[in-house]
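Below is one structure, written out as structure tokens, with a few remarks after it.
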Amino acid sequence: MAKRVIGIIMNGVTGRMGASQHLARSIVPIREQGGIDIGGGEKLYPEPFLIGRSHSKLEALAAEFGISRFSTSLDEALADPEYRIYFDAQTTAAREGSVRRAILAGKNIYCEKPVAASLEGALALVRLAREHNIKTGVVQDKLFLPGIRKLKSLVDNGFFGRILSVRGEFGYWVFEGDWQRAQRPSWNYKKELDGGIILDMFSHWRYLFDHTIARVRTVGCIGATQIPERVDEQGRPYQATADDMAFATFELEGGIIAQMNASWTTRVYRDDLLTLQVDGTLGSAVAGLRHCKTQHRVNTPRPVWNPDIESMHDYRRDWQDVPDNSTWDNAFRVEWEMFLRHVATDSPFPYDLADGARGVQLAEFALQSWHERRWVDVPDLKLD
Ligand SMILES: NC(=O)c1ccc[n+]([C@@H]2O[C@H](COP(=O)([O-])OP(=O)(O)OC[C@H]3O[C@@H](n4cnc5c(N)ncnc54)[C@H](O)[C@@H]3O)[C@@H](O)[C@H]2O)c1
């Protein structure tokens with residue numbers, strides 16, 4: 001098969017997401033399998049150009065994965081016409097400026113969420129990308145998780161009847177950094193560095209609702225900074241200025257009521273770090289990262305309220321697994337392959353910068369709702 005090389009500038013690959021999900025679990029395995037079959041006897045073969053702030057870390061990554069180009073100069077990479085795609089997994093605060101430079105250099109854009117730290121910034125990128133007539137994409141990895149794909153197939157097959165409500169639980173305990181190292185970077189807990197769970201997670205809620213259940217129409221949110229002091233990567237105490245938990249309710253199109261609880265200050269007593277329960281007139285389902293369980297109306301038990309006796313009923317046994325009728329690749333890799341095909345062959349890719357801006361819109365409106373202590377409507381974005 002003929003090999004068609006596609007050059008990708010990858011910025012922020014020394015970070016948690018950039019190194020693990022995007023490089024090691026997506027681009028490297030695609031290279032190892034010889035590329036992506038795009039039909040016509042051709043394979044699309046990604047050639048990364050690694051960009052970051054630390055020469056030694058980049059050098060180590062390049063050696064580990066057999067990558068020939070790396071640099072601490074973004075300008076050097078942007079000037080090279082062999083690299084047609086710019087990918088960004090830097091901190092949220094660093095993204096907008098770098099993406100803007102890449103658009104001006106004529107590169108196609110693929111980036112992590114949130115696409116910018118403000119709706120105004122996100123919309124400016126959307127408009128600039130349109131002016132320069134380039135292709136764009138944003139990471140919406142949760143859509144490609146097996147559990148969520150099973151949930152989506154239930155929705156598409158009419159399993160639920162009329163969907164009534166959605167209830168999501170996300171979170172886990174993030175250690176403070178003193179007696180155990182924190183699992184997340186310290187900038188996540190600093191408002192001044194565009195940290196905070198609302199800006200981080202509500203992009204996910206937006207695309208999950210919009211693409212799996214129904215369009216978001218209204219948001220009401222309350223957040224908090226529950227652990228005010230944490231310890232950073234260098235062992236120094238710092239003030240946490242950003243929200244580390246947020247409970248939000250939403251109205252979705254069709255009158256569906258949704259609730260999402262997000263917290264980095266909770267201990268897990270559920271089947272997964274993210275679970276979504278959908279209740280409908282004909283059935284209910286609970287999706288996690290890989291699995292999805294259902295209970296049809298005909299399998300619904302009749303609960304009896306009696307706290308005076310020990311309950312003998314195992315409620316979890318009333319649910320059935322949606323089977324794994326196919327194999328599932330890493331969610332980030334699946335989306336990467338879709339985006340690379342889109343750039344090379346013009347195949348459809350709906351998760352563009354405008355869709356990313358909708359995620360930022362929801363985060364911004366949730367923050368507004370919290371600070372003004374009121375519900376906020378979420379209108380369609382004006383993109384022109
Ligand atoms: N899709 C998802 O599920 C998911 C999950 C976690 C994080 N993210 C997003 O990915 C992005 C990166 O998150 P992460 O957890 O990998 O962060 P990280 O701190 O581990 O990595 C950040 C990267 O940005 C670089 N960087 C550039 N300028 C920087 C600066 N001024 N200060 C610090 N680092 C700087 C770092 O060198 C590093 O490579 C964030 O925007 C975050 O919202 C997405």
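These numbers were taken from a predicted model, which means no experiment stands behind them. We count ligands from 1, going down the list as the structure has it; atoms in each ligand are counted the same way.
Exactly one residue among Phe175, Trp173, Tyr189 makes a ring-ring contact (aromatic ring centres under 6.0 Å, His included) with Trp264. That residue is Tyr189.
In summary, the atoms of ligand 1 found under 4.0 Å from a heavy atom of Phe332, numbered by their order in the structure, are 1 (N), 3 (O). Near Lys142, meaning under 4.0 Å from one of its heavy atoms, ligand 1 places the atoms 3 (O). Using a 4.0 Å cut-off to heavy atoms of Thr14, the atoms of ligand 1 that qualify are 37 (O), 38 (C), 39 (O). Annotation for ligand 1: atoms under 4.0 Å from non-hydrogen atoms of Pro185 are 15 (O), 17 (O), 19 (O). Applying the 4.0 Å criterion to heavy atoms of Pro114 picks out, from ligand 1, the atoms 43 (O). Counting the atoms of ligand 1 from 1 in the order shown, those under 4.0 Å from a heavy atom of Thr92 are 40 (C), 41 (O), 43 (O). Per-residue contacts place His204 under 4.0 angstrom from the following atoms of ligand 1 (heavy atoms of the residue considered): 1 (N), 2 (C), 3 (O). Counting the atoms of ligand 1 from 1 in the order shown, those under 4.0 Å from a heavy atom of Gly12 are 39 (O).
At a heavy-atom cutoff of 4.0 Å, ligand 1 is contacted by the side chain of Asp141 but not by its backbone. Only the side chain of Asp200 comes within 4.0 Å of ligand 1, judged by heavy-atom distances. Heavy atoms of Ala89 found under 4.0 angstrom from ligand 1 belong exclusively to the backbone.
Classification of Arg101 and Asp75 as a salt-bridged pair holds, one side-chain N sitting under 4.0 Å from a carboxylate O. Here Lys135 pairs with Asp346 in a salt bridge; the nearest charged N to carboxylate O distance falls below 4.0 Å. Ionic pairing of Glu131 and Arg127 is not present here: no N-O contact between side-chain nitrogen and carboxylate oxygen is shorter than 4.0 angstrom. Using a 4.0 Å cut-off between charged nitrogen and carboxylate oxygen, Arg290 and Asp272 do not count as a salt-bridge pair. No salt bridge links Glu233 with Arg181; every basic N to acidic carboxylate O contact stays at or beyond 4.0 Å. Residues Asp194 and Arg95 are not paired through a salt bridge, judged by the lack of any N-O separation under 4.0 Å between the basic side chain and the carboxylate. Contact check on Arg69 versus Glu76 returns a salt bridge, with a Lys/Arg side-chain nitrogen under 4.0 Å from an Asp/Glu carboxylate oxygen. Taking a cutoff of 4.0 Å between a charged side-chain nitrogen and a carboxylate oxygen, Arg217 and Glu253 qualify as a salt bridge. Ion pairing between Glu176 and Arg230 fails under the 4.0 Å rule for side-chain N and carboxylate O. A salt bridge does not link Asp279 with Arg162: none of the charged nitrogens is closer than 4.0 Å to a carboxylate oxygen. Under a 4.0 Å N-O distance rule, the pair Asp200/Lys113 qualifies as a salt bridge.
Figure legend: Lys190 and Tyr238 shown as a cation-pi pair, the cationic atom lying under 6.0 angstrom from the six-membered ring centre and within 45 degrees of its axis.
Protein heavy atom at the shortest distance from atom 15 (O) of ligand 1 is Arg16 NE, 2.8 Å. Scanning the protein heavy atoms around atom 44 (C) of ligand 1, the nearest turns out to be Glu112 OE1, 3.1 Å. The shortest contact between atom 27 (C) of ligand 1 and any protein heavy atom is with Gln90 OE1, 3.3 Å. Here the heavy atom of the protein found nearest to atom 21 (O) of ligand 1 is Gly15 CA, 3.2 Å. The nearest heavy-atom contact from the protein to atom 19 (O) of ligand 1 is Trp187 NE1, 2.9 Å. Arg53 NH1, 3.8 Å is the protein heavy atom nearest to atom 31 (N) of ligand 1. Scanning the protein heavy atoms around atom 7 (C) of ligand 1, the nearest turns out to be Met17 CG, 3.3 Å. The nearest protein atom to atom 42 (C) of ligand 1, hydrogens excluded, is given as Lys113 O, 3.8 Å; this is a heavy-atom distance.
The residue from Arg95, Glu335, Arg184 that puts a heavy atom closest to atom 41 (O) of ligand 1 is Arg95.
Geometrically, ligand 1 and Gly18 share no nitrogen or oxygen pair separated by less than 3.5 Å.
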